[in-house]
2 protein chains.
Amino acid sequence: MQEGRISESIEDYLGRLKSRGFRLTNQRRVIVETLLRNLGTHLNARELLELAQQEDPSIGIATIYRTIELMNSLGMLNMVNLEEGFLRFEVPDERMHFHVFCRSCGKTVHLPDEDTKMADVRKWAGAEGFELLPQTFEMAGLCRECREDGVLEEPLLVGGGRRRCRRGRCGRMKQ
Amino acid sequence: MQEGRISESIEDYLGRLKSRGFRLTNQRRVIVETLLRNLGTHLNARELLELAQQEDPSIGIATIYRTIELMNSLGMLNMVNLEEGFLRFEVPDERMHFHVFCRSCGKTVHLPDEDTKMADVRKWAGAEGFELLPQTFEMAGLCRECREDGVLEEPLLVGGGRRRCRRGRCGRMKQ
DNA sequence: TTCGATGCAAATGGTTTGCATGCTT
DNA sequence: AAGCATGCAAACCATTTGCATCGAA
């Protein structure tokens, strides 16, 4: 995203806060700016804190969470759960995103043809009277390599012990 | 599910554990049985513990989590995140499920034609070399009633305070 | 000046883990 | 008997909250 569009978006986002009666603090400016400058990546709370602190070192983690909650309640931010033990955040843009991740090795792929897929999904929800909000869909699967490795078929018990988790976190579920 | 199919499934699930070298303990039997007897509902860890303890009061919460992790790592159980502050669990069946929930009022609808949708989604992932695992997709949207109420357009600030969350939990994100 | 917003640190609570013991194989 | 599985309780750690203070309007 070019600088021009970023500052334009920042003003747009801040304006949405202002019009609803919320105050425009420097912390909120910095957090919104950080989110918009990192549109491609899904930051988690800690990463967002560290980046924001480069702009304003006084920002604390509580403000990060409170701002995230505020923006989420206004539909200005989505939460993304990649089953890592914490959440990530994204500023929704006009399109939706479709990710597939491998439950064995963790590899994640961004699916193409988002507009086509978005139209399909909107039609599904529309048939029930729902209008979908911009969001990212996460689908769990197995990548070709892991299938060829026989991840699910081969016994997990090798040499007397449970085989180590290839994803490095062995089914952690803490969110 | 009739009794016959349940005990059949239990044996199937326990057999999958055994064939991979895991021991068949009474706790695992009870937990698997509890999950299968409650196929429609998505139990969380505490609910699963309470139900399992009706069969075997000695079962502890740690065993619940360890069994869940084991089954999940074997692809025998999915985690469901309904943004409640904890996870729920489901035993995957052959088909996938597609839910739309209203981000304003929380209403959830189970979409029809699962087989058609499943075929579409599988094709999307297959194009990138992934094979999808059975799972439930959650899509966030706005229902017709809430759109007509103008949820997103009206200012959230009414009478000097933040309007109460219509979904009752106002953006909690703790998982 | 008012009172919403923040930083700090403590609290929360779902989930994980260390360790002695139990039980399947 | 060997060693995986369990119960218990303590530890973890992302997120939330109380409170004194700051600062936008």
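Proteins get letters first, then strands, A, B, ... in listed order; numbering begins at 1 in each. These figures come from a predicted structure and were not determined experimentally.
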DNA chain C nearest-nucleotide lookup for B:Lys18 and B:Ala45: closer to the 5′ end is B:Ala45

Sorted by number, the residues of residues 46-57 of chain B with heavy-atom contact under 4.0 Å to DNA chain C
B:Arg46

Answer with base, sugar-phosphate or nothing: what part of the nucleic acid does B:Arg28 contact at a heavy-atom distance below 4.0 Å?
sugar-phosphate

When we call it a touch if two heavy atoms are under 4.0 Å apart, what does A:Ile59 touch: a base, just sugar-phosphate, or nothing?
sugar-phosphate

For the pair A:His99 and A:His42, evaluate ring pair (Phe, Tyr, Trp, His ring centres under 6.0 Å) and give the outcome as yes or no after the intermediate values.
CA-CA 12 Å; A:His99 294 171; A:His42 298 310; 5.6 Å; yes

N/O donor-acceptor pair under 3.5 Å between [X] side chain and [Y] backbone:
{"X": "B:Asn78", "Y": "B:Val91", "result": "no"}
{"X": "B:Asn72", "Y": "B:Ile68", "result": "no"}
{"X": "A:Gln135", "Y": "A:Leu133", "result": "yes"}

Interatomic distance where [atom1] belongs to [X] and [atom2] belongs to [N] [whole Å]:
{"X": "A:Leu17", "N": "D:dA25", "atom1": "CG", "atom2": "C1'", "result": "15 Å"}
{"X": "B:Arg88", "N": "C:dT15", "atom1": "CZ", "atom2": "P", "result": "11 Å"}
{"X": "A:Leu43", "N": "D:dA14", "atom1": "CG", "atom2": "C1'", "result": "16 Å"}
{"X": "A:Ile64", "N": "D:dT17", "atom1": "CD1", "atom2": "P", "result": "17 Å"}
{"X": "B:Leu70", "N": "D:dT6", "atom1": "CG", "atom2": "C1'", "result": "14 Å"}
{"X": "B:Asn26", "N": "C:dC23", "atom1": "CG", "atom2": "P", "result": "10 Å"}
{"X": "B:Phe86", "N": "C:dG13", "atom1": "CZ", "atom2": "C1'", "result": "11 Å"}
{"X": "B:Tyr65", "N": "D:dG7", "atom1": "OH", "atom2": "C1'", "result": "16 Å"}

Report the distance from atom OH of A:Tyr13 to atom CD1 of A:Ile31, rounding to the nearest 0.5 Å.
14.5 Å

Can we say B:Arg37 and B:Glu33 salt-bridge, meaning some charged N sits less than 4.0 Å from an Asp/Glu carboxylate O?
yes

Does a salt bridge link A:Glu128 with B:Arg144, judged by any charged N lying under 4.0 Å from a carboxylate O?
no

Start at the 5' end of DNA chain D and walk down; is the nucleotide closest to B:Ile61 or to B:Gln27 reached first?
B:Gln27

Minimum-distance nucleotide to B:Arg66 side chain [options: D:dG7, D:dT15, D:dC19]:
D:dG7

Against the side chain of B:Arg23, the closest entry in D:dC4, D:dG7, C:dT6 is D:dC4

Tell me whether the side-chain N/O atoms of A:Thr25 come closer than 4.0 Å to OP1 or OP2 in C:dA5.
no

